[in-house]
Protein chains: 4
Amino acid sequence: MQTEAGAKDTRAQLINAAIDMFHEKGFQKTRVSDIVAAARVAQGTFYLYFKSKDDVFLHIAAEFKGLFAEVIEGADNLFAGTSADEIRANLLVFIRDLVRLYSENKKMAKLLFYESGQHDCSFRNTWQDLYLDFIDMTRRQLEQNRDSAFLSFEDAETEAAFLVGLFSRSLFYFIELKNDIDIETLSRRMTAFVLGGLSKQSASGGI
Amino acid sequence: MQTEAGAKDTRAQLINAAIDMFHEKGFQKTRVSDIVAAARVAQGTFYLYFKSKDDVFLHIAAEFKGLFAEVIEGADNLFAGTSADEIRANLLVFIRDLVRLYSENKKMAKLLFYESGQHDCSFRNTWQDLYLDFIDMTRRQLEQNRDSAFLSFEDAETEAAFLVGLFSRSLFYFIELKNDIDIETLSRRMTAFVLGGLSKQSASGGI
Amino acid sequence: MQTEAGAKDTRAQLINAAIDMFHEKGFQKTRVSDIVAAARVAQGTFYLYFKSKDDVFLHIAAEFKGLFAEVIEGADNLFAGTSADEIRANLLVFIRDLVRLYSENKKMAKLLFYESGQHDCSFRNTWQDLYLDFIDMTRRQLEQNRDSAFLSFEDAETEAAFLVGLFSRSLFYFIELKNDIDIETLSRRMTAFVLGGLSKQSASGGI
Amino acid sequence: MQTEAGAKDTRAQLINAAIDMFHEKGFQKTRVSDIVAAARVAQGTFYLYFKSKDDVFLHIAAEFKGLFAEVIEGADNLFAGTSADEIRANLLVFIRDLVRLYSENKKMAKLLFYESGQHDCSFRNTWQDLYLDFIDMTRRQLEQNRDSAFLSFEDAETEAAFLVGLFSRSLFYFIELKNDIDIETLSRRMTAFVLGGLSKQSASGGI
DNA sequence: TATGAATGAGTTTTCATTCAT
DNA sequence: AATGAATGAAAACTCATTCAT
């Protein structure tokens, strides 16, 4: 019924429909029949492109994971700098990239956030691995700057977990409640809060 | 099969089994037959104590929500104080209570965290309301101390979201990965990080 | 709806219904819905007793294979004897047992005969193994009597294959076409034909 | 994709692919997609040459049935002869033709053998009719020689069924297990065994 | 002739819930 | 209170066949 170009369309239609439905009803409550209805194709068509409902989820997850991993892996010396402003500027770039990624892929991001604990070990683990990678990358970058005149932390791992937790959870608050968040402002304030948490003063007890 | 005293036992067995199974497989993938098998009772027995699978989940959720709400509602003037140490001490008490609550109810906490986005509106909303209450309570307490010599924030809501996000997400990292976290140390460092994020210096740009 | 005794009934009902339907429509064309309709139980009930349609077939097959293997393994010195009559009497007992087995389990026998080439390797192989065992047992018993004054054959394996082929295929002719075959007569004539095929005269060319 | 000459090729490719797949997986478990994959043509191409999956099976069956019927119908006075050797020679020609037919069309023969009990009445019946024709032809030829000095049988039908059963079943043993059977030897020994079974001596009780 | 994406009716399978004992 | 076999509605999934290109 469609040309080769159509095939790509159908696949994309199905993925978009799946994202919409998963987002709206959750993975488990979404029926394959919901997806094909939203994509306006027949039931069987779904199985031309995906082995199962799990399979389409995995494809969606893999795509977002790829985007996410890119940002994580591209991060370099987040906390380096010979002045507070330089550090802040470095960190801001990274945080802004992440905020942008989440807000440009709201549905996917939310979907994966909530579904990450629900799936097969294979998926659950790769997703958790990514989260752990995020923490670990942050920890390493902190440790590279253990001697910084501006930073203070105990074992780096703990502070990295705080940072990543703050980031990944609070973003949902803004994404779910504010339809159009101001990426620039949010990134700046998140950067400020995080650096405050890591600053010499806070650790030294002088608040 | 059981004495009169056994009735309470059976109900508790079912609830514990349900927590275990929901925690292990997620709500949707857990079958009533999994729960009764874990509780070592017959299939029909389940329905003597709960109206449905949803019902037992709601009971579990309600219990944790009650404990959680208690801590939230008990919080009073978290950020008040005439010295940095006094503020820190106040905040520490609250954070320690929460950390303790989570670590004493690991499975429930994790379960509700992951399922919070999954359920029928009735539950989803009450749970999200609690989360929003948490943020709102934090916001109000921040605003009460807008003139504090030690604190600095813009609209309070944003900082409250950071704080709650940091708390609720990073705890999972510690709970899932570290079998025995040191509540005292973790609370202290979380307090320090949060106060750093809210401190005058960080906001003023001096890091 | 039924007592424990009922459980056995239900299982037996399902097996009988399955045998009837497989026999009537063939394994592949039989739907689980045909079986449950014939057994007068609900669709889901089937899955309380069997994992799948394949599973119930395997149970049926295993039962018949057990009966069949018993007869095969019980055979002893079929071709021994110091007179033609003695040999004939020995062989007759065995053949009569087999004819009886088939005619008492017509549907199962026919079912397995036709379906034996259709199933998973595991089943296909065990079934073929039984057939090969039948041939091999016959071959061994022939070879034990290679020096018999009354028997003549070249490599025994070939004659064993003839004998088993004659038996297993021609029985279907009688079972399918004659509703009540005379077990006694058929066994006697089959014995006579087989012994004729193995007799000295036939091999020596004197017919 | 193919030249005019290619059309014949495509049809032949499809038939060969179908024989291979039916032989390997059975008719029911073979999907049209298996056949077209094996034939290396597109899904739709199949329907240019055959009306349905059943149709291609029927074509295959018809071809083998034609070959088979030729041999059956060509048989003439199999058991006639004024000496044992003459009878044996006559019978040998016929049996050798059949053995050759089977061994030259192994897959088709095996396929039809196993599927003969599976199909819609139209095919099942025509195939079974052929089998019954085989038996009936044999019976008639036996009866034509009821007065033979060399043959002995009771009702001819029974002996015919033995003979045909022996032939059609034991051949599978040799075809499936021995990759290269010796047609000449097998035919000779089958002839000898059959004639032994029909000989005066065996029937008279002298073995 | 050839293609292969699309179809949808027809199956298998699952599992929360009921109810007779 | 407890049991566990039975239920059947609701899904997931298959695959022969069609048809626009």
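Residue numbering restarts at 1 for every chain, and letters A, B, ... go by the order of the sequence lines. None of the values given here were measured: they were computed from a predicted structure.
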Length of the line joining Lys51(D):NZ and dT18(F):P, which is rounded to integer Å: 11 Å
message: Using whole Å, what does the distance between atom P of nucleotide dA11(F) and atom CZ of Arg31(B) come to?
response: 17 Å
d(CG, Leu48(A); P, dG4(E)) in whole Å: 13 Å
- prompt: With a 4.5 Å heavy-atom cut-off, do Phe64(D) and Tyr102(D) have their side chains touching?
  reply: yes
query: Any side-chain heavy atom of Phe22(D) within less than 4.5 Å of one from Lys107(D)?
result: no
task: Give the rounded distance in Å between these two atoms: CE of Met21(B) and P of dC15(E).
output: 12 Å
field: Nearest-Å distance for atom pair OH/P, residues Tyr47(D) and dA2(E)
entry: 16 Å
message: Return whichever of Arg40(A) or Ser33(C) has its heavy-atom-nearest nucleotide of DNA chain E closer to the 5' end.
response: Arg40(A)
message: So for Gln43(D) and dT17(F), does any side-chain atom that can act as donor or acceptor lie under 3.5 Å from a complementary atom in the base?
response: yes
message: Distance check, rounded to the nearest 0.5 Å: Ser52(C) atom OG versus Leu58(C) atom CG?
response: 8.0 Å
query: How long is the line joining CD of Gln28(B) and P of dA11(F), in whole Å?
result: 11 Å
task: Could you check which nucleotide pairs with dT3(F) in any of the strands shown, counting Watson-Crick or G-U wobble with both distances under 3.5 Å?
output: dA20(E)
query: Over how many whole Å does the gap from Asp55(A) atom CG to dT14(F) atom P extend?
result: 12 Å
message: Can you tell me how far apart CD (Glu63(A)) and CG (Leu112(A)) are? Round to the nearest 0.5 Å.
response: 10.0 Å
message: Rounded to whole Å, how long is the line connecting atom NZ of Lys53(B) with atom P of dA10(F)?
response: 16 Å
message: Quick check: on DNA chain F, is the nucleotide nearest Thr45(D) upstream (toward 5') of the one nearest Phe46(B), or the reverse? Name the residue that is more 5'.
response: Phe46(B)
message: Does dT1(E) have OP1 or OP2 under 4.0 Å away from a side-chain N or O of Thr10(D)?
response: no
- prompt: Are Ser52(B) and dA16(E) close enough that a side-chain N or O sits under 4.0 Å from OP1 or OP2?
  reply: no
statement: CZ of Phe27(D) to NZ of Lys53(D), rounded to nearest 0.5 Å, is 4.5 Å
Proximal nucleotide (of dT1(E), dA2(F), dT7(E)) relative to the Tyr49(B) side chain: dA2(F)
